[in-house]
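No hydrogens, no waters, no symmetry mates; every other heavy atom, side chains included, goes into these values. Every number for a ligand or one of its atoms is a count from 1 in the order of the listing.
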Amino acid sequence: MALNLIMLGPPGAGKGTQAERFARSRGIPKISTGDILREAVHAGTEIGERAKTIMDRGELVSDDVMIGIVRERLQRPDALSGFILDGFPRTVAQATALDDMLDGGDPLIVVDIVVPEALLVRRLSSRLICEDCGANAGMSGENPADRMMTAGTGIAAEPMRCRRCAGRLVQRSDDSELVVRERLKVYRTSTKPLVDFYKTRPTFRSINGAQSPDRVAEDLAFAIEAAGGHGCGGRP
Ligand code: AMP
């Protein structure tokens, strides 16, 4: 049986970090629609160019484009034994389209990561990603600007480097406080209704994301197992 999993939760809930860990441990692909769009922006494709303006405003790319991207990605062979979607669905129209794509297949496990809004703003404005490979450098809660300075001197130190590829760590262009507030507003109006859309399903679980990444990972694994995800996935 394939492990088909989606992660719900506001920006900064830790979906990407947790999806990455879980996908690696189970040998299934993590499919992040945000990463796919950022790669398209980086590569300068037509979709990327159109998406950039929308992403920089903290708004949502159209359902048609997103559904097309995910439909194509889920048809690739590596997704046959399961997948974790991170950042999709974000609207009820996307969720309905996903149900249609999976119709007749293995059940969809839905995990909602709950985090108070004040913590999200703090986490997002201190998040750094790699300029080259897009890896998340971890969300420590400290101010990245402080880490760019030599302590106490106000003099810029060497930029921090990615542990994976040694690229420069930078703030995501949509992680400025103004855009973060807009993204949270969009989350409340367009994405939070998905909790109602899914919550009556027996495969829906909710976990507390206001804990250390290790604790969240434990709760996530437990929730997936309880939702029927034991023994699923590409690896034993
Ligand atoms: P994320 O990395 O998931 O925070 O996504 C970054 C940005 O990409 C979002 O703020 C949206 O502008 C866009 N995006 C990612 N996934 C979706 C989606 N499923 N639907 C619409 N827009 C999306």
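Protein neighbours of ligand 1 below 4.0 Å, counting non-hydrogen atoms: T33, G34, L37, R38, M55, E59, L60, V61, M66, G87, F88, R90, Q94, R172, D174, R183.
R181 is linked by a side-chain hydrogen bond (donor to acceptor under 3.5 Å, both in side chains) to E177, counting only residues two or more places apart in sequence or in another chain. Among residues two or more places apart in sequence or in another chain, the side-chain hydrogen bond (donor to acceptor under 3.5 Å, both in side chains) test is passed with D175 by R127, R183.
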Output a table of donor-acceptor pairs, distance under 3.5 Å, between side-chain atoms of residues 59-68 and any protein atom two or more places apart or on a different chain; print 'none' if there are none.
residue, atom, partner, partner atom, Å
E59, OE1, R57, NE, 3.2
E59, OE1, R57, NH2, 3.4
E59, OE2, R57, NE, 3.4
S62, OG, V65, N, 3.3
D63, OD1, T91, OG1, 2.9
D63, OD1, Q94, NE2, 3.0

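Within the 4.5 Å cutoff, the side chain of F204 has heavy atoms near those of the D112 side chain. The closest side-chain heavy-atom distance from M7 to L220 is below 4.5 Å.
T45 places no side-chain N or O within donor-acceptor distance of the main-chain N or O of V41, the cut-off being under 3.5 Å.
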